Number of protein chains: 2
Amino acid sequence: MNAEKTALPEIDIPYVKQACSNCIMRELCLPVALASNVLDKLDELVYLRKRFKAGTHIYHAGNNFHYLYAVRSGFVKLETLNEDGREQVTGFYMMGEILGFDGIATDQHMCTAVALEDSELCVIPFDRIEHVGQEMEHLHHHFYMLMSREIVRDHTMMMLLSGMQGDARIAAFILNLSQRFHERGYSSYDLVLRMKREDIGSYLGMKIETVSRVLTKFRDQGLLEVHQKHVRILDMNGLQKLVGHHPCK
Amino acid sequence: MNAEKTALPEIDIPYVKQACSNCIMRELCLPVALASNVLDKLDELVYLRKRFKAGTHIYHAGNNFHYLYAVRSGFVKLETLNEDGREQVTGFYMMGEILGFDGIATDQHMCTAVALEDSELCVIPFDRIEHVGQEMEHLHHHFYMLMSREIVRDHTMMMLLSGMQGDARIAAFILNLSQRFHERGYSSYDLVLRMKREDIGSYLGMKIETVSRVLTKFRDQGLLEVHQKHVRILDMNGLQKLVGHHPCK
DNA sequence: CGGCATCTTGAGTTGGGTCAATGGTCGTGG
DNA sequence: CCACGACCATTGACCCAACTCAAGATGCCG
């Protein structure tokens, strides 16, 4: 909580757009409903958006932590470095989701965030969030909720990784995306997987050959239509059964 | 955030001990160093400790969320329920660690916390934390750090689960415990695994037979001495090599 | 001592990893 | 516009780590 953080440090990628008032967070479909005055406050605090081209880094593991990022459009993956330097995908973020919480613990980011397609993010200076006045304690509650949500999500992921077989992992993954798209007003049946098979494999703990094989199998079973990154769910129930129906180790 | 939370709801297990002032959190070896005045404030807010017998629940999935719990002594496991009702261990907490963050997101606990041995926990009313005044914003920072730490830890766990083989998982698990004991002033070589093989297996995503076999193998290789729950590390380096040395899938 | 829970060990099976080759798609430049 | 190459995805054959089932061994408590 050192004072020099209050003066915003130079951001390592050029600003793209100065925000007009009351328009940045407002349009953002946050996963938790916010009171109007909280949104106003957020718009005050969040004064810029930034575009990232597909493949560019939003932050690197080791970077000093200053900002959280809310995804306005696009798709972002989070990679965690393990002991031996290899990277592993530990999360995907889409419109309305916030990333960067990994940096608070040590004031340095522990993960690397990469845009999977051209994306636009809101840049949220975290120290401003922390220093909002007492009248804005709603804001703290909101961020506690967001972090808790991430923790719960990670626990779900751990369960999936340690308890389920390949089939169930892929099914759970597809259903999860489907649900998140649905919540944002998109079709829950027609999905575009913005990430490559390699990312899916890394995230789900399986090799890309296996990812591919499972997708083919699902297609043969009439559960999905698969054309490259485009996936159409034909049998939602069938997928749910795969997840729930004890195909656990 | 609703007002009735300010009045503390009945806690579902009887209080054991009313705290004397300035003694509850003080003695707690928190994972993040705290300024003295922050500790004072915490001692004000945290006004009770509670004992839990081995095997008893601290909270259940579905319980309304009111408190965080700091482990003063003992050992706690966290279990997450998956779709089909089976439970899976998603964390272990020892002295100085805080659990309960899973409840903030929806105001209901998403996991079940169980004492693995007789344990004493500090009960921290979360709404008091949220409503501390501006002068205590350090406290918010502290809790943001704790939550971020949990997120980072979960990411590490996800990596371990999806990227490592059985040998490496067990090695990483033992080294992790060793480190945490060491940080708390205990030997990093002589460990007592408070949980059963089944819990380890659930946590690490392997069957108890495999856990057992790996431990036996490590014993045969001279890495460990194993007597039931007591484990002595003979070759720390060897274990570290297993984790780092790409025995990944 | 018996009964119960936990842990270990063995034998056989399988899901998913490895290696290797083929097939698609896209972008660039002639 | 087509041809080339780079990159990504799919498919097949083979193999091994970890699962399953089953039997013992060990320890703990009354």
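Being a predicted model, the structure only gives us computed values, none of them experimental. All chains are named by letter (A, B, ...) in the order of the sequence lines, taking the proteins before the strands, and each is independently numbered beginning at 1.
For A:T216, no side-chain nitrogen or oxygen approaches OP1 or OP2 of D:dT10 to under 4.0 Å. Close to C:dC7, at under 4.0 Å from its OP1 or OP2, lies a side-chain N or O of B:K229. One finds no side-chain N or O of A:R197 lying less than 4.0 angstrom from the OP1 or OP2 phosphate oxygen of D:dT11. Neither OP1 nor OP2 of D:dC19 sits under 4.0 Å from any side-chain N or O of B:K207. Between C:dG16 and A:T210, no contact under 4.0 Å exists linking OP1 or OP2 to a side-chain N or O.
The interatomic distance linking A:L116 (CG) with D:dC8 (C1') rounds to 15 Å, in whole Å. Whole-Å rounding puts the A:L242 CG to C:dG15 P distance at 14 Å. Following rounding to the nearest Å, B:H230 (NE2) and D:dC28 (P) show an atom-to-atom distance of 14 Å. Put simply, CD1 on A:I208 is 11 Å from P on C:dT18, counting in whole angstrom units. Following rounding to the nearest Å, A:I200 (CD1) and C:dG16 (P) show an atom-to-atom distance of 16 Å. Distance CE (B:M195) to P (C:dA5): 21 Å, rounded to an integer number of Å. The distance from atom CE of A:M206 to atom C1' of D:dT10 is 14 Å, rounded to the nearest whole Å. Atom CG in A:L204 sits roughly 18 Å away from atom P in C:dG15 (whole-Å rounding).
Counting distance only, with no hydrogens placed and no angle test, the side-chain atoms of A:E209 and the base atoms of C:dC19 include a donor-acceptor pair under 3.5 Å. Judged by distance alone, with hydrogens and angles left aside, B:Q228 brings no side-chain donor or acceptor close enough to the base of D:dC28 to form a pair under 3.5 Å. If you check distances only, the side chain of B:R213 does reach the base of C:dG10 with a donor-acceptor pair under 3.5 Å.
Residues A:F92 and A:Y203 bring their aromatic ring centres within 6.0 Å.
Ionic pairing of A:R184 and A:E97 is present here: one or more N-O contacts between side-chain nitrogen and carboxylate oxygen are shorter than 4.0 angstrom. Under a 4.0 Å N-O distance rule, the pair B:K217/B:D167 qualifies as a salt bridge.
No side-chain heavy atom of A:L204 sits under 4.5 Å from any side-chain heavy atom of A:V211.
With A:H109 as reference, A:Y59 is the one residue of A:F101, A:Y69, A:Y59, A:Y67 to meet the ring-ring contact (aromatic ring centres under 6.0 Å, His included) rule.
Side-chain proximity of A:K196 to C:dG16, C:dG17, D:dA9: nearest is D:dA9.
Using a 4.0 Å heavy-atom criterion, one finds that B:K217 contacts no nucleic acid atom at all.
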